[in-house]
Amino acid sequence: EAYQREFDAKIDRGDFIEPKDWMPEGYRKTLIRQISQHAHSEVVGMLPEGNWITRAPTLKRKAILLAKVQDEGGHGLYLYAAAETLGVSRTELIEALLSGKAKYSSIFNYPTLTWADVGVIGWLVDGAAIMNQIPLCKCSYGPYARAMVRICKEESFHQRQGYESLLVMMREGTPEQKAMVQDAVNRWWWPALMMFGPPDSESVHSPQSMRWGIKRVSNDELRQKFVDATVPQAEVLGVTLPDPHLKWNPERGHYDFGPINWKAFWDVINGHGPCNRDRMAARRRAWEEGAWVREAAEAYAEKANRRATTHPTAA
Amino acid sequence: EAYQREFDAKIDRGDFIEPKDWMPEGYRKTLIRQISQHAHSEVVGMLPEGNWITRAPTLKRKAILLAKVQDEGGHGLYLYAAAETLGVSRTELIEALLSGKAKYSSIFNYPTLTWADVGVIGWLVDGAAIMNQIPLCKCSYGPYARAMVRICKEESFHQRQGYESLLVMMREGTPEQKAMVQDAVNRWWWPALMMFGPPDSESVHSPQSMRWGIKRVSNDELRQKFVDATVPQAEVLGVTLPDPHLKWNPERGHYDFGPINWKAFWDVINGHGPCNRDRMAARRRAWEEGAWVREAAEAYAEKANRRATTHPTAA
Amino acid sequence: QAALFRYLLRLGDSVLILGQRTSEWCGHAPVLEEEMALANFGLDLIGQARMLLTYAGALEGKGRDEDTLAFLRYEHEYRNVTMTELPNGDFARTMVRHFLFASWMVLLWARLQSSADPHLAAIAGKAVKEARYHQRHAGGWIVRLGDGTALSHDKTEAALDDLWPYTAEWFEGDEDDARLAQAGIAPHPSELAAPWRETVTPTLAEAQLRIPPESPFRSHGRWGRHSEHMGHLLPEMQYLQRAYPGGKW
Amino acid sequence: QAALFRYLLRLGDSVLILGQRTSEWCGHAPVLEEEMALANFGLDLIGQARMLLTYAGALEGKGRDEDTLAFLRYEHEYRNVTMTELPNGDFARTMVRHFLFASWMVLLWARLQSSADPHLAAIAGKAVKEARYHQRHAGGWIVRLGDGTALSHDKTEAALDDLWPYTAEWFEGDEDDARLAQAGIAPHPSELAAPWRETVTPTLAEAQLRIPPESPFRSHGRWGRHSEHMGHLLPEMQYLQRAYPGGKW
């Protein structure tokens, strides 16, 4: 109807859709799914990195990592807030995560096995996330796009710090440290490539998301951009990316790279990755063990409210 | 009456009182208190030592420590069994411990801060315990005396192993290891002397216990024996005992030693030592968290019983 | 043989790490008898680790002894199966782990008693008796807990659900296993899959426990790729050796 | 001055160890806002530790920097007050600890702003603002939890009972303190006892919490004699430095 035409026109013009605007139910639901999944990812993503705060090798690195997870918490807050503008509560979203209905970025289902993993996550995982997120800064939904702008800025900083920590280890570190970095790269490279999702030919949500201005660039395009940007960075670091097929193709003007093990990708998406159960168990435990805290805060707020209404002059 | 006379006669003859014999209520209660306190000590004593199993510096030491705590568990079992012959259940005894009504040897209210503490506990704490316990091998109550014989044998072995580990560190170890041993000795010496209890002049229970053949040697006598035996051992080790007054007295034929800080002793007995709260919290937590296990075992036993009575031919 | 060295590490590290986890129970068990049983398990496992790692070090011929191997490697050099490094959890989880693991080890040690390697066969001869005792004791608890109260049943079922996926790793083979099987030194791991299944099924059934479905999940501890739990276990275990290099204990 | 060096360690180690404990909450907080608040606390405390330990190392003049001091000492060389090394426990315990500690640090930093040592005064100028925020945030939670539900009240009361005895250590002085007080570098610890009591009492009262009675118990962390908890915290914190000596990070 008229609303739908106005909505489509806004999308075509590149204008933002704001919370007060009419939107198709499918658009609203897709955004809730995507934004909340992004929020859940920030929260679950604190686990593999938080795993190394107590063992950070210097006070500077400990501080950097603490600041990073603090930022990620903040990103989660922005994103839950953006999702809430679409008519859903944070508690509903969290319960969807904990019940297994809602997903989070599958990259966080891998374990951080060494300190080098922390730097590699900054370099490759934040790098891939940024590549995914920059187009979202022009996403049609205003609150999401604006959240993405803030998040991308902070995540670029994190990526540089992760890369810098790897540079220090590769340039000044001991042979054991260099081996640690190479081993981490070997384990994280392919999962990072999978962060761009299945090949375009198999991507279920993409066409509609493109029509709605939620998705701007295809999975394969982003993946290629990422590879092209990252290979030179790996050369500067002096690490080998674990792909014998990785090779500059002058005709295409891009790097060719080897086949991705999509079975492994789907296994992890479907709950059979190395850390899926542990991640969910940790989130559930935090939520359940925190119930009494949240209930206390509510109970106190009610008491304070009643006191304020019965004794309006009291503090 | 006649029972009392027969009882006294047995004591005077040096015969054992056995579970089936008549005994004064005071005798029975005193033994329950003392035997259960001894049992509780074995159990609580597993905590300061168990604290170092996961950090034992070699596999041999890890095995030795595991074997030691296993023995201590066994000692606890013998002693609870001996106490149960006097008409009390183990559960009652444990509940008395956890409620704070029953005591355990105060030496276990001190923290094990270094690996050397483990060896020093073997040397000094087991050493003092053995000195306390050898006379108990002739205690008038049969089950207790027999348990003491078994326990003393195993504890002598533990004492030697503890001493031997200190010898290795003092003779072959690095300067840091030697400092570790000396520091441990500095912290455990006075508490070990306090294991013999208050001075005879202030010891509440002693006179009656002596009359009943439960206590054979006075606190001060045992303490003096311990010091006399231990000073030469310290010299062999090459550690200094932290007592500037420690000195051989040729007239007495014993070592003179400095005044004991009895206020500190009573503070610890009364619950204000370094680890009192932590020890009790750990024992309570273990008991409470294990309740469902014990309940399950009971429930299963009942089910198995019912099955056996209804189907007598079933396994 | 490099393959045998790696195999000895797989066995030795598995019992070492499981022994380490088991010893965390000291002072915290539900009843005194289980304090002793768990200390006993730990002692047996550490004893097996000592024999295996000592032999591994001798075979390697680079002067590494049981302690150098146990305390001074990096995480990726440990070859324990992942299940052994997981936190103990509650008593049900601990007993489920011991039951599943000991049931496997009983079969494995029994086969290794006829290993072409006499040293390994001798170790197996000792260890199989201990593993049988662990299997029996833990199996008794599985039944009591699985068929005890509703609460104990739920905890035991949850433990089985969590731990079961980590067993698939035990029965996969690589080139090392092919070589060792061919040389008659060790059975190919896959040969134990069905016997192990047959061994554990009756006890689990008696315990009223549902066997979890198969899953694509695979753990990789035996190839040095561990879970996040290993990285917290090792600092504690290795600390004194690393903080007092050259120390004599 | 050796006394000032030890004093800087007392402060620096206290915030270091408390920062270390606080960072264990990452990923486990009851709500996302508290994840961030706790990460923020940790960041502030580690930041204070860096300033204090860097200064201490410079003062000592033996070439030790913030990391050498933070990661390569033995337990008995750390001078943090014992309360900082205790396990976090639940959220109530964590917030009670932060409230009690931050309330002390607010008073201490405020006094140190006029220290005769300008470097210490400068550090205090930064840190006092952070401590005020911690005190306010944690104090808010004490009230919410103490006057929330019966369950939250009980947990908070239990936490206060457990932690209160560890505060006595903060207000005892030794020869170092006498010298530093005389030199105008730091207030004698005993001067802060009554102000601290006055500071915390209103919040505890508003939280419906009973102040525990005095006790002879004394902790001695600031003299290097810690609780058994320190020995488990340090291996994890120090591991990479000890396992990769000479590493560059």
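Convention: sequence-line order gives letters A, B, ...; per-chain numbering from 1.
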Undergrad: Under the rule for salt bridge (charged side-chain N to carboxylate O under 4.0 Å, His left out), what residues qualify as partners of C:Arg79, not counting sequence neighbours?
TA: none
Undergrad: Top residue by heavy-atom pair count (under 4.5 Å) with chain B, among C:Leu145, C:Val31, C:Leu151, C:Leu233?
TA: C:Leu145
Undergrad: Which one wins on heavy-atom pair count under 4.5 Å against chain C: B:Lys60, B:Gln177, B:Met180?
TA: B:Gln177
Undergrad: Output the option from B:Gly73, B:Gly290, B:Gly50 having the highest count of non-hydrogen pairs under 4.5 Å with chain C.
TA: B:Gly73
Undergrad: Using a 4.5 angstrom heavy-atom cutoff, name the option from B:Thr58, B:Ile53, B:Leu66 with the most pairs to chain C.
TA: B:Thr58
Undergrad: Is the backbone N or O of C:Ala70 less than 3.5 Å from a side-chain atom of C:Tyr78, with the two atoms forming a donor-acceptor pair by type?
TA: yes
Undergrad: Is B:Arg307 salt-bridged to C:Asp147, cutoff N-O under 4.0 Å?
TA: yes
Undergrad: Where does B:Arg55 contact chain C at under 4.5 Å (heavy atoms): side chain, backbone, both or neither?
TA: both
Undergrad: Assess whether a salt bridge exists between B:Lys68 and B:Glu49, defined as any Lys/Arg side-chain N lying under 4.0 Å from an Asp/Glu carboxylate O.
TA: yes
Undergrad: Quick check on the interface: out of C:Asp90, C:Leu53, C:Asp67, C:Thr149, who has the most heavy-atom pairs with chain B under 4.5 Å?
TA: C:Asp67
Undergrad: At a 4.5 Å cut-off on heavy atoms, which part of C:Pro245 comes close to chain B: side chain, backbone, both, or neither?
TA: backbone
Undergrad: By a 4.5 Å heavy-atom criterion (distance strictly below it), what part of B:Ala56 contacts chain C: side chain, backbone, both, or neither?
TA: backbone
Undergrad: Checking C:Glu24 now: which residues fulfil salt bridge (charged side-chain N to carboxylate O under 4.0 Å, His left out) with it, not counting sequence neighbours?
TA: C:Arg21
Undergrad: Which bit of B:Arg171 comes within less than 4.5 Å of chain C, counting heavy atoms only: side chain, backbone, both or neither?
TA: neither
Undergrad: Non-hydrogen atoms of chain B under 4.5 Å away: do they reach the side chain of C:Ala92, the backbone, both or neither?
TA: both
Undergrad: Would you give the length of the straight line joining atom CG of B:Leu97 to atom CH2 of B:Trp287, rounded to the nearest 0.5 angstrom?
TA: 10.0 Å
Undergrad: Report yes or no: is the cationic atom of C:Arg242 (NZ for Lys, CZ for Arg) closer than 6.0 Å to the six-membered ring centre of C:Phe71, at no more than 45° off its axis?
TA: no
Undergrad: What option among B:Glu295, B:Glu288, B:Arg283 has the most heavy-atom pairs under 4.5 Å with chain C?
TA: B:Arg283
Undergrad: Between B:Glu176 and chain C, with a heavy-atom cut-off of 4.5 Å, which part of the residue counts as in contact: side chain, backbone, both or neither?
TA: both
Undergrad: For C:Glu198, what residues pass the side chain to side chain contact (heavy atoms under 4.5 Å, CB included) criterion, not counting sequence neighbours?
TA: none
Undergrad: Supply the atom-to-atom distance C:Glu66 CD to C:Leu52 CG, rounded to the nearest 0.5 angstrom.
TA: 11.0 Å
Undergrad: Find the distance between OH (C:Tyr244) and CH2 (C:Trp249) and round it off to the nearest 0.5 Å.
TA: 6.5 Å
Undergrad: Tell me, out of C:Glu34, C:Gln238, C:Glu236, who's got the most heavy-atom pairs with chain B below 4.5 Å.
TA: C:Glu236
Undergrad: Among C:Leu32, C:Leu16, C:Ile46, which residue forms the greatest number of heavy-atom pairs with chain B at distances under 4.5 Å?
TA: C:Leu32
Undergrad: Name the region of B:Leu77, side chain, backbone, both or neither, that has any atom closer than 4.5 Å to a heavy atom of chain C.
TA: both
Undergrad: Please look at B:Arg285 and chain C and tell me whether the side chain, the backbone, both or neither of the residue comes under 4.5 angstrom of a heavy atom of that chain.
TA: neither
Undergrad: Can you tell me how far CE of C:Met95 sits from NE2 of C:His134, rounded to the nearest 0.5 angstrom?
TA: 10.0 Å
Undergrad: Go through the atoms of B:Thr54 and report whether side chain, backbone, both or neither lie under 4.5 Å from a heavy atom of chain C.
TA: both
Undergrad: Assert yes or no for the condition that the ring centre distance of B:His38 to B:Tyr78 is strictly below 6.0 Å.
TA: no
Undergrad: Does anything in residues 113-125 of chain B reach chain C? List residues with heavy atoms under 4.5 Å apart, or say none.
TA: B:Trp115
Undergrad: Enter the distance from B:Gln182:CD to B:Arg187:CZ here, rounded to the nearest 0.5 Å.
TA: 11.0 Å
Undergrad: Could you walk me through whether B:Tyr80 and B:His75 satisfy the side chain to side chain donor-acceptor pair (under 3.5 Å) test, starting with their C-alpha distance in whole Å, then the side-chain angles of each, then the deciding distance to 0.1 Å, before giving a yes or no?
TA: CA-CA 9 Å; B:Tyr80 282 126; B:His75 298 171; over 6 Å; no
Undergrad: Measure C:Trp141 against the heavy atoms of chain B and call it side chain, backbone, both or neither at under 4.5 Å.
TA: side chain
Undergrad: Centre-to-centre under 6.0 Å for C:Phe91 and B:Trp292, is that the case here?
TA: no
Undergrad: Which label fits C:His119 and C:Tyr55: parallel for a plane angle under 30°, tilted from 30 to 60°, or perpendicular past 60°?
TA: parallel
Undergrad: Any idea which of C:Gln241, C:Gln20, C:His153 has the most non-hydrogen atom pairs under 4.5 angstrom with chain B?
TA: C:Gln20
Undergrad: Is it the backbone or the side chain of B:Val43 that comes under 4.5 Å from a heavy atom of chain C, or both, or neither?
TA: side chain
